[in-house]
Amino acid sequence: MLGTSTRPPRPSPLRRPRATLASGLTALAAGGLVALAFAGCGIVTPGPVSTLDRIDFDRPLVIPPLAESTVDADGIRVFSLTAQAGATEFEPGVPSETWGFNGAYLGPTLVAERGERVRVEVRNALDEATTVHWHGMHLPAEMDGGPHQMVAPGATWAPEWLVDQPAATLWYHPHPHGETETHVSRGLAGVFLLHDEAERALGLPAEYGVDDVPVVVQDTGFSADGRREAAQRGYAGALGDELLVNGTRSPYFEAGDELVRLRVLNASTARSYAFAWADERPVRLVGTDGGLLEAPVELPYVRLSPGERAELLVRLTPGERLVLQSRMSAEIAGLVGPVAQTNGAADAFDVLELRAADELRAAAADPAALVPIASFDESEVVADRRFVLDDSFEINGHAMDLGRIDETVTVDTLERWTVVNGTALPHSFHIHDVQFQLASIDGAPPPPELAGWKDTIYVEPESEYVLLLRFTDYTDTDTPYMYHCHLLWHEDQGMMGQFAVVGPGQRATMPEGTEHAHH
């Protein structure tokens with residue numbers, strides 16, 4: 001079925017042909033695109049890669065453990081995370097140097113209920129400073145885990161906040177300025193699940209690791225003997241030629257339930273995916289970054305850029321084997337010519353095989369309606385802001401400066417942010433603290449799959465995205481949140497800005513010394 005006698009023996013790496021930086025820039029110039037000054041950055045222009053029908057699916061999918069927690073005398077749920085170095089055997093007997101939380105690679109899954117106060121005691125056992133950013137979480141700026149909340153080696157940081165947002169699939173990862181790509185690619189990432197009464201009332205699959213399954217997708221490179229190695233550098237960033245799912249190479253998942261919920265997280269640093277089923281059945285999408293949609297949406301594929309999440313429902317029949325793939329294309333990515341090849345838009349991957357048991361636990365019909373989403377009223381907008389992403393890794397002509405507040409937002413007011421990618425290259429846009437709604441894409445209403453709550457959006461070349469957002473609850477005149485491209489190499493190069501949320505009439509001011517480390 002998936003294999004033939006001509007498949008290369010594992011763990012043979014899947015190598016891309018390489019070209020020189022000069023030839024890549026010549027090709028870009030020939031296509032009428034802007035030639036980028038990447039000399040000295042180690043960029044290559046890899047050709048297309050495909051692992052379709054070349055994966056054995058011979059390793060059971062590792063399910064990240066649920067993080068242990070306690071409830072203290074004040075009713076606060078307390079978690080503990082330790083960032084640490086270690087070694088992981090992606091191939092038996094072949095250790096690779098990795099980082100993880102509470103282990104050698106990735107981190108445990110944190111789970112909390114809406115209405116709970118949580119505290120996460122973060123200890124840094126690495127030999128360099130790092131942070132932990134709660135991606136998609138609504139919380140005070142000083143708890144956000146951005147580059148102003150650095151945790152020094154040997155130090156502990158204990159952010160605490162009230163969980164007050166809908167059930168959703170969130171995640172956590174480091175956010176040190178200039179080093180985010182490196183820290184995430186080494187393995188520092190984990191899932192953070194939120195639940196609420198509205199979600200539970202729907203009867204969706206909810207048994208973690210059984211019918212409610214995290215799917216953390218990362219691309220990487222491997223040596224011929226199975227040692228993890230650096231991925232090739234494309235214009236979007238590091239693009240690996242193989243995938244890991246939950247840190248597992250060549251994974252399969254044994255399903256004992258008719259209905260399975262997959263919580264897909266693109267935890268890659270640069271690569272975008274177009275997730276689809278190998279048999280071309282519709283992909284049933286029920287949730288995006290900030291929670292459930294109003295109703296399920298059936299699609300030929302779901303596109304996710306780095307940092308985006310999708311909740312999928314799939315109904316299985318006894319004994320079947322179903323493969324989740326990524327079949328990206330230039331059209332799906334909105335890229336043209338050589339830019340598509342150099343940014344992974346010509347690549348295809350086998351991701352994960354679902355193996356249904358011969359007898360499956362029956363499930364009720366999928367809910368036709370999910371949760372109501374109150375739309376923002378554009379007549380209430382009090383501020384318009386424009387963010388132009390350019391080919392110099394800047395936003396509005398400025399590179400990131402930790403000592404500069406770029407935007408000041410008044411709490412509890414509705415704003416309209418217009419994000420423009422005027423280049424022929426891919427970008428994305430992530431905003432801390434808030435879930436936004438898309439008002440339009442190039443003047444047209446967003447498609448149904450983008451009509452829910454989002455905190456990260458893929459920004460196609462030469463396109464304009466209008467976002468509506470309201471920052472509530474928390475103000476801080478001297479601690480900012482971030483907005484940035486979530487292609488992490490772009491972020492590290494300076495494609496990031498800072499905004500402060502203040503009360504009416506207040507002004508934002510940066511305190512002296514912005515490299516805050518916890519001791």
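These figures come from a predicted structure and were not determined experimentally. Computed from heavy atoms alone, side chains included, the values below leave out hydrogens, waters and symmetry copies.
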For the residue pair [X] and [Y], what are the closest heavy atoms and their distance?
| X | Y | answer |
| --- | --- | --- |
| Pro461 | Ala333 | CD-O, 4.1 Å |
| Asp347 | Pro48 | OD1-CA, 3.4 Å |
| Ala270 | Ala238 | CB-O, 3.6 Å |
| Val351 | Val245 | O-CG2, 3.5 Å |
| Arg303 | Ile332 | NH1-O, 2.7 Å |
| Ala267 | Val216 | CB-CG1, 3.7 Å |

Do side-chain atoms of [X] reach the backbone of [Y] as a donor and acceptor pair under 3.5 angstrom?
| X | Y | result |
| --- | --- | --- |
| Gln341 | Pro338 | no |
| Asp211 | Pro205 | no |
| Ser392 | Glu394 | no |
| Ser326 | Ala274 | yes |
| Asp377 | Ser379 | yes |
| Asn396 | Val388 | yes |
| Asp196 | Pro166 | no |
| Glu359 | Pro318 | no |
| Asp289 | Thr456 | yes |
| Tyr465 | Glu460 | yes |

If I take atom [atom1] from residue [X] and atom [atom2] from residue [Y], how far apart are they, to the nearest 0.5 angstrom?
| X | Y | atom1 | atom2 | answer |
| --- | --- | --- | --- | --- |
| Leu438 | Ile457 | CG | CD1 | 4.5 Å |
| Arg200 | Leu202 | CZ | CG | 11.5 Å |
| Trp134 | His173 | CH2 | NE2 | 11.0 Å |
| Arg271 | Gln218 | CZ | CD | 13.0 Å |
| Asp406 | Met496 | CG | CE | 10.0 Å |
| Tyr172 | Thr109 | OH | OG1 | 6.5 Å |

Between His432 and His484, does the ring centre distance come in under 6.0 Å?
-> yes
Assert yes or no for the condition that the ring centre distance of His430 to His175 is strictly below 6.0 Å.
-> no
Excluding sequence neighbours, so at least two apart, what forms side-chain hydrogen bond (donor to acceptor under 3.5 Å, both in side chains) with [X]?
| X | result |
| --- | --- |
| Trp417 | Glu415 |
| Asp257 | Arg361 |
| Asp476 | Thr479 |
| Arg416 | Glu378, Asp384 |

Using a strict 4.0 Å threshold on nitrogen-to-oxygen distance, state whether Arg386 and Glu464 make a salt bridge.
-> yes
Are Arg263 and Asp212 close enough for a salt bridge, meaning some N to O gap below 4.0 Å?
-> yes
Would you check, one step at a time, whether the test side-chain contact (heavy atoms from CB on, under 4.5 Å) holds for Tyr474 with Val411?
-> CA-CA 7 Å; Tyr474 307 116; Val411 71; over 6 Å; no
Worked verdict on Thr248 versus Arg59 for side-chain hydrogen bond (donor to acceptor under 3.5 Å, both in side chains) = CA-CA 7 Å; Thr248 312; Arg59 322 283 173 87; over 6 Å; no
Please lay out, stage by stage, how Met400 and Met482 fare under the test side-chain contact (heavy atoms from CB on, under 4.5 Å).
-> CA-CA 10 Å; Met400 173 63 176; Met482 307 293 135; 3.8 Å; yes
With sequence neighbours excluded, tell me which residues meet side chain to side chain contact (heavy atoms under 4.5 Å, CB included) with Ser185.
-> Thr269
Over 60° means perpendicular and under 30° means parallel, so tell me whether [X] and [Y] are parallel, tilted or perpendicular.
| X | Y | answer |
| --- | --- | --- |
| His135 | His486 | perpendicular |
| Phe192 | Trp161 | tilted |
| Phe349 | Tyr273 | perpendicular |

Would a 4.5 Å heavy-atom cut-off, applied to side chains only, mark [X] and [Y] as touching?
| X | Y | value |
| --- | --- | --- |
| Leu304 | Arg309 | no |
| Leu292 | Leu204 | yes |
| Asn421 | Val419 | no |
| Pro60 | Glu254 | no |
| Tyr208 | Ile63 | yes |
| Phe253 | Val215 | no |
| Phe387 | Glu407 | yes |
| Arg385 | Val409 | yes |

Just grab all the salt bridge (charged side-chain N to carboxylate O under 4.0 Å, His left out) pairs involving residues 161-171, residues at least two apart or on different chains.
-> Arg114-Asp164
Verify side-chain contact (heavy atoms from CB on, under 4.5 Å) between Leu285 and Leu312, making sure each step is shown before the conclusion.
-> CA-CA 5 Å; Leu285 177 71; Leu312 312 180; 3.8 Å; yes
His138 and side-chain hydrogen bond (donor to acceptor under 3.5 Å, both in side chains): which partner among Asp455, Asp473, Asp144?
-> Asp473
Answer yes or no: does atom CD of Glu298 have more than 12 heavy-atom neighbours from other residues, nucleotides or ligands under 6.0 Å?
-> yes
Neighbour count above 12 (heavy atom, 6.0 Å) for Glu320 CD | yes
Decide yes or no on side-chain contact (heavy atoms from CB on, under 4.5 Å) for Ile431 and Phe471, but give the supporting numbers first.
-> CA-CA 11 Å; Ile431 308 173; Phe471 295 92; 4.0 Å; yes
Could you walk me through whether Glu311 and Thr169 pass the side-chain hydrogen bond (donor to acceptor under 3.5 Å, both in side chains) check?
-> CA-CA 8 Å; Glu311 296 189 28; Thr169 303; 3.0 Å; yes
